[in-house]
Amino acid sequence: MNFSPQLIALGEYLAGEFDNQEQAIGEPIWYVHLRLWQRPINLFTEDSITLFAEQANVITPDQSYRQRIMRLRQGSNDTSLEVQYYMPQDPGSLRGAGHNPALLDTLTPEQLDLLPGCILTVAQETLACDRYKFTATPLPEARCSFTYLGSSIYVSLGFETTATEFHSYDKGIDPATGKATWGAIMGPYRYTKRNQY
């Protein structure tokens, strides 16, 4: 399948190693200094660009968490893009794959759980010739939820990205109150790309 220039650009913008050092120094009360890895992987290659993502506190880089798979593909029409999220069935087996990508070499689709409500539509704004800003938001009425360690987890997902920055709006939601309990509670985590993958 031929991918659109916009889908290819989205994959390139998301792939890399990021951190939010400037934000963490400027607003240490609200933002932990995090490192984020988003590595391209060879899954769903017939119609998608797929990334493995995880993050870690820079103080404890060997204790990475939030392992997830992002499948980028064309939407229902030729000009729209979407992101479908998956969760590894055994996240612990992939811990550290952000900086040790060899751990991803044997990953197969059968080792992933599709998260049906965890899908984003991606709007694009052309900034210059072949340069874009992408904004990914949930579908109306969609609820992103999954079970982890026996508990139901609810998440509100979203991001904006350019060639050099990635802003994460991801938040954990308390199902009883609907209030955010972790993540981008005070606004997005603002990451700067440090290495391109």
Side-chain contact, heavy-atom cut-off 4.5 Å: [X] with [Y]?
{"X": "R190", "Y": "N20", "answer": "no"}
{"X": "T60", "Y": "D62", "answer": "yes"}
{"X": "I173", "Y": "C144", "answer": "no"}

>> Taking R35 first and then E17, would you say they form a salt bridge - that is, a charged N and a carboxylate O separated by under 4.0 Å?
In response: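 Salt bridge flag = yes for E17 with R35.
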>> Salt bridge check, R194 against E22: does any charged N sit closer than 4.0 Å to a carboxylate O?
In response: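 Judged by the 4.0 Å cut-off on N to carboxylate O distance, E22 and R194 do form a salt bridge.
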Provide the closest heavy-atom pair for [X] versus [Y] in the form atom of the first, atom of the second, distance.
{"X": "K193", "Y": "G16", "result": "CE-CA, 4.5 Å"}
{"X": "R71", "Y": "S48", "result": "NE-OG, 2.8 Å"}
{"X": "T126", "Y": "A128", "result": "CG2-O, 3.3 Å"}
{"X": "A15", "Y": "Q196", "result": "O-NE2, 3.1 Å"}
{"X": "I59", "Y": "N57", "result": "N-OD1, 2.9 Å"}
{"X": "P188", "Y": "Q23", "result": "O-NE2, 2.9 Å"}

> Out of R68, Q67, M70, which one pairs with F52 under the side-chain contact (heavy atoms from CB on, under 4.5 Å) rule?
Replying inline: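 Filter result, single survivor: Q67.
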Nearest 0.5 Å please: distance from the [atom1] atom of [X] over to the [atom2] atom of [Y].
{"X": "L103", "Y": "R95", "atom1": "CG", "atom2": "CZ", "answer": "11.5 Å"}
{"X": "L72", "Y": "L120", "atom1": "CG", "atom2": "CG", "answer": "10.0 Å"}
{"X": "I153", "Y": "S145", "atom1": "CD1", "atom2": "OG", "answer": "9.5 Å"}
{"X": "D19", "Y": "Q55", "atom1": "CG", "atom2": "CD", "answer": "12.5 Å"}
{"X": "T137", "Y": "I119", "atom1": "OG1", "atom2": "CD1", "answer": "11.5 Å"}
{"X": "L114", "Y": "M87", "atom1": "CG", "atom2": "CE", "answer": "13.0 Å"}

Between the main-chain N or O of [Y] and the side-chain N or O of [X], is there a donor-acceptor pair closer than 3.5 Å?
{"X": "Q89", "Y": "E110", "answer": "yes"}
{"X": "T50", "Y": "L43", "answer": "yes"}
{"X": "Q84", "Y": "C118", "answer": "yes"}
{"X": "K133", "Y": "A123", "answer": "no"}
{"X": "Q38", "Y": "Y197", "answer": "no"}
{"X": "E160", "Y": "H167", "answer": "no"}
{"X": "S64", "Y": "G96", "answer": "yes"}
{"X": "T161", "Y": "E165", "answer": "yes"}

Shared hydrophobic cluster, [X] / [Y] (ILVMFWY, side-chain heavy atoms < 4.5 Å):
{"X": "M186", "Y": "L157", "result": "yes"}
{"X": "L112", "Y": "V155", "result": "no"}
{"X": "F3", "Y": "L10", "result": "yes"}
{"X": "I8", "Y": "F159", "result": "yes"}
{"X": "I185", "Y": "I29", "result": "yes"}

> Hey, mind stepping through E54 and Y65 against side-chain contact (heavy atoms from CB on, under 4.5 Å) and telling me if it holds?
Replying inline: CA-CA 6 Å; E54 73 175 347; Y65 59 96; over 6 Å; no
> Do L14 and I49 pass the side-chain contact (heavy atoms from CB on, under 4.5 Å) test, and can you show the C-alpha distance, the side-chain angles, and the key distance before you say yes or no?
Replying inline: CA-CA 10 Å; L14 291 175; I49 296 169; over 6 Å; no
>> Pairing donors with acceptors under 3.5 angstrom, does anything connect the side chains of T192 and Q21?
In response: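 There is no such pair between these side chains.
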> Parallel, tilted or perpendicular: which describes the rings of Y191 and F18, with under 30° parallel and over 60° perpendicular?
Replying inline: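 Perpendicular, since the angle between the ring planes exceeds 60°.
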> Does CG in N42 sit with more than 12 non-hydrogen atoms of other residues, nucleotides or ligands closer than 6.0 Å?
Replying inline: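 No - once you tally the heavy atoms of other residues, nucleotides and ligands closer than 6.0 Å, there are 12 at most.
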>> Could you check whether atom CH2 of W30 has more than 12 heavy atoms from other residues, nucleotides or ligands sitting under 6.0 Å from it?
In response: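 Not buried by this count: 12 neighbours or fewer within 6.0 Å.
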>> Please evaluate residues S4 and L81 with respect to the criterion side-chain contact (heavy atoms from CB on, under 4.5 Å), reporting the C-alpha separation (whole Å), side-chain torsions for both, the decisive distance (0.1 Å), and the verdict.
In response: CA-CA 10 Å; S4 71; L81 304 176; 4.2 Å; yes
>> Show me the pairs that pass ring-ring contact (aromatic ring centres under 6.0 Å, His included) and involve residues 80-136, at least two apart or across chains.
In response: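 Pairs touching residues 80-136 that pass the test: Y13-F134, W37-H99, F44-Y86, Y132-F134.
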>> Please enumerate all residues that pass side-chain hydrogen bond (donor to acceptor under 3.5 Å, both in side chains) together with Y31, with sequence neighbours excluded.
In response: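 Here no residue qualifies.
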